[in-house]
Chemist: 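For reference, the structure I am asking about is given below.
Numbering starts at 1 and runs along the sequence shown. Only this structure's heavy atoms are used, side chains among them; waters, hydrogens and symmetry mates stay out. Since the structure is predicted, the reported quantities are computational estimates derived from the model, not experimental observations.
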Amino acid sequence: MAIVLGPNRYGKAEVRVVRVTRDGGTHRIRDLNVGVFLSGDMDDVHLTGDNSAVLTTDTQKNTVFAFAKKYGIGEPEEFGLLLARHFVDSQPTVHHARVRIEEYAWDRITGPHSFVRGGTEVRTALVHSDGSDGAESVVSGLTDLTVLNSTGSEFHGFVQDEFTTLEPTDDRILATAVTAQWRHRGTGSDWDGSYAAARAALLDAFATTHSLSLQQTLYAMGRRVLEERPELCEVRMSMPNKHHFLVDLEPFGMDNDNEVYFAADRPYGLIEGTVLTDDAPDAPSAWQ
């Protein structure tokens, strides 16, 4: 039996970088959490401890900061592509770079330089690059987009066996925290505009779909994004069912006509799915 080294990569995780851009007295902020991972001719460092092919993770961290100064930080997808191409193009032993970015939004309060953290969701970008002349892919997305419909949701007709206690319902609260990723057809886009439009499509589909299941809602949301955004070809989503159970108020002599609920945080149902166009190109590394 032979033992061999399998696929591997290494890098610097969670590099927090905040870039303040000063346009006169008016400031703009981009706040990122950047992860860089590289792969290529790295067998010897694993097998013999030879570090001659290794670009240190400390150097990767310093590059993130230097690029934030040299190029600024505009759209996270653009910044990720700059970094990924640099690592592959500048290092002969690096053949592939993966850059994952989370962006934390800041909204202006008043005046030119005061901000408050915006929203609950986190914007994400995932870039894969084999260098400026090689294969590339860009996946945008978000996490923790928390949404709720107080009616317009049903759940019935499901399998029942000897362990089933859940009662069918034709009126319930539907709540979830959406994690969604959408794959671009290319690497040139109005990244901020595309992100805002995809996010709006997700929200509109959630709000306007009369739901018979969270699975149905997931599909409707992914479908809406692809129908409205031709630059995208695939949407993947993970949606926990944030259960809201009616509280039994009969012991207190009170009715509860879908007004008072207990919000349970665990355990929870977890619904995951992919929606894609039938001409979506293969992207074997786009989600790794």
Chemist: With a cut-off of 6.0 Å (strictly less than), are more than 12 heavy atoms of other residues, nucleotides or ligands near CG of Asp23?
Modeler: yes
Chemist: Would you say Lys12 has more than 12 foreign heavy atoms packed within less than 6.0 Å of its NZ?
Modeler: yes
Chemist: Any idea how His244 and Tyr261 line up, ring-wise: parallel (<30°), tilted (30 to 60°), or perpendicular (>60°)?
Modeler: perpendicular
Chemist: Is the CG atom of Asp255 crowded by more than 12 outside heavy atoms at less than 6.0 Å?
Modeler: no
Chemist: Are Asp279 and Arg185 close enough for a salt bridge, meaning some N to O gap below 4.0 Å?
Modeler: yes
Chemist: Inspect the surroundings of CD in Gln160 and state if more than 12 heavy atoms from other residues, nucleotides or ligands are less than 6.0 Å away.
Modeler: yes
Chemist: Under 3.5 Å, side chain of Ser153 to main-chain N/O of Leu174, donor-acceptor pair present?
Modeler: no
Chemist: Roughly how far apart are Asn256 CG and Glu250 CD, rounded to 0.5 Å?
Modeler: 9.5 Å
Chemist: Looking at Arg19, I want to see if its CZ is surrounded by more than 12 non-hydrogen atoms of other residues, nucleotides or ligands under 6.0 Å.
Modeler: yes
Chemist: Could you label the plane-to-plane angle of the Trp191 and His184 rings as parallel, tilted or perpendicular, counting under 30° as parallel and over 60° as perpendicular?
Modeler: perpendicular
Chemist: Does OH belonging to Tyr268 count more than 12 external heavy atoms closer than 6.0 Å?
Modeler: no
Chemist: So, is the end of the Arg123 side chain (NZ or CZ) under 6.0 Å from the ring centre of Tyr195 and within 45° of the ring's axis?
Modeler: yes
